[in-house]
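Each remark here refers to the structure printed beneath this line.
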There are 2 protein chains.
Amino acid sequence: MGKAVARPVDLERHAARRLQIIDAGLTVFSERGYDGATTARICQQAGIGSGTFFHYFATKADLLVAILELGTDEVRERAAGLADRTDPVGVLLELVGSTAEDAADPRIPGFVRAVAGVMDEPRIAEALAVDDAAQRDVLRQWVERGQSAGEVRTDVPAERIVSWLLLLTGGFLERVAVDERFDPTVENGLLVATARNLLRGG
Amino acid sequence: MGKAVARPVDLERHAARRLQIIDAGLTVFSERGYDGATTARICQQAGIGSGTFFHYFATKADLLVAILELGTDEVRERAAGLADRTDPVGVLLELVGSTAEDAADPRIPGFVRAVAGVMDEPRIAEALAVDDAAQRDVLRQWVERGQSAGEVRTDVPAERIVSWLLLLTGGFLERVAVDERFDPTVENGLLVATARNLLRGG
DNA sequence: GAGTTCTTGGAGCGGTTGCTCGGATAATGG
DNA sequence: CCATTATCCGAGCAACCGCTCCAAGAACTC
């Protein structure tokens, strides 16, 4: 039945090439937008031929989905690392502040801006929705703990507070992408302060 | 020299058709994104042939620029209507609040999201920059007056406060576009309250 | 009505793009 | 060393899209 496998798949090699292409995709998407990022240019950036590209990703949309999923994984890992903390507000401010750190890599804000307007594939919309849900899950958990501990306002339901935290981080990333003089490392302080005011209320 | 004009241009008719196409463009751009909005579909939405489209706009990019310029005009008109007010903070909060009202038309947040990632034409980038500058001009003027009157914090320069007001409105529009449960009319209050906290400082 | 210009539609062209395909090469097992 | 399969490339294909072009009709002046 099973034929002899003359050359098995080297999983490490495979994953490395994948990451190489993902990195190139992140770069080109962020500076040209989704449609502006032609597969030819992505291949050029990655230093590969188009045949190789489609050997690793069946579709250009698949590459984008893979990038988004990588980001979602990162969110979950970050959440796991904070699991045993006992200061809800501190955790929330740390999570919010980490957005500002992400924005230090200029590709990140550019990428989210470029990807925001992609409506082509429903699979992309779903990946975006999953990422949003992952962030919401993490934040809601800590907001609710904060409310139980009396550290976070209770006149606004947790879900809405979560939306507002995402509003702040989303607006922050947009500003970094659009306005060159908006320095994320400088504005980090105001971001955390605004979030603290939001959580406290009044 | 001048030949007899057998049929003069009906400016009213021309402007009306223009607006009709602009309206269709706004709709299709907002639901499909810039590249996803094919000229064929815009024509279909407007109920015209492609020949007619390019009779009014030399280029698809020109249509987008026209829409953006219309928005910029609106910003300036709104600013002119508030010129003789004497309460800077009240004016600023009203300007911020008007964003929430704009978001009531679901095409507006969809449009800004769709257009955010367009890097093709430098003319589009310029139109976006002009719009941003127009908003900044209006806001900065009132922020500075508020600072002089002691109603607005002075520990952060006016330019940065303006950036943060735009961060709030930008994030607000993004949330409306992304999250169906984020109701702009409900969240209007928190938007104004957050802006007030930001202006007051502490 | 004649003459002229404005207006409109849609077939189709040129260029671009995502993706396919077949062959060449490299790597591994026997 | 041979067989086999993964890996890689890039020429080229099919589809699509922005835009052109031209002909037909409408609207206006004289």
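In this text, all values refer to a predicted model and were calculated from it rather than measured experimentally. Below, chain A is the first sequence line, B the second, and so on; all start at residue 1.
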State which of D:dT7, C:dT28, C:dT7 makes the closest approach to the side chain of A:Pro8.
C:dT28
Between A:Ser30 and A:Arg113, do the side chains contain an N or O donor and an N or O acceptor separated by less than 3.5 Å?
no
Expected output is a numbered-order residue list: members of residues 47-67 of chain A with a heavy atom under 4.0 Å from any atom of DNA chain D. What is it?
A:Ile48, A:Gly49, A:Ser50, A:Gly51, A:Thr52, A:His55, A:Tyr56
A:Glu94 bridged to A:Arg85 by N-O distance under 4.0 Å:
yes
Just checking, A:Lys60 and A:Phe53: is the charged tip under 6.0 Å from the six-membered ring centre and within 45° of the axis?
no
Quickly work out the [X] [atom1] to [N] [atom2] distance and round it to whole Å.
X        : N      : atom1 : atom2 : result
A:Asp10  : C:dG29 : CG    : P     : 11 Å
A:Arg13  : D:dT5  : CZ    : C1'   : 14 Å
B:Glu121 : D:dG18 : CD    : P     : 12 Å
B:Arg17  : D:dA26 : CZ    : C1'   : 12 Å

Identify, with sequence neighbours excluded, every residue that meets salt bridge (Lys or Arg N to Asp or Glu O under 4.0 Å) alongside [X].
X        : answer
B:Arg140 : B:Asp137, B:Glu144, B:Glu159
A:Arg41  : none
A:Arg153 : A:Asp155

Expected output is a numbered-order residue list: members of residues 32-44 of chain A with a heavy atom under 4.0 Å from any atom of DNA chain C. What is it?
A:Ala37, A:Thr38, A:Thr39
So B:His14 and B:His55, would you call those rings parallel, tilted or perpendicular, with 30° and 60° as cut-offs?
perpendicular
With a 3.5 Å cut-off and heavy atoms only, can you find an N or O donor on one side and an acceptor on the other between the side chain of A:Arg7 and the base of C:dA27?
no
Pairing residues for B:Ala100 by the side-chain contact (heavy atoms from CB on, under 4.5 Å) criterion, not counting sequence neighbours:
B:Phe172, B:Asn188, B:Leu191
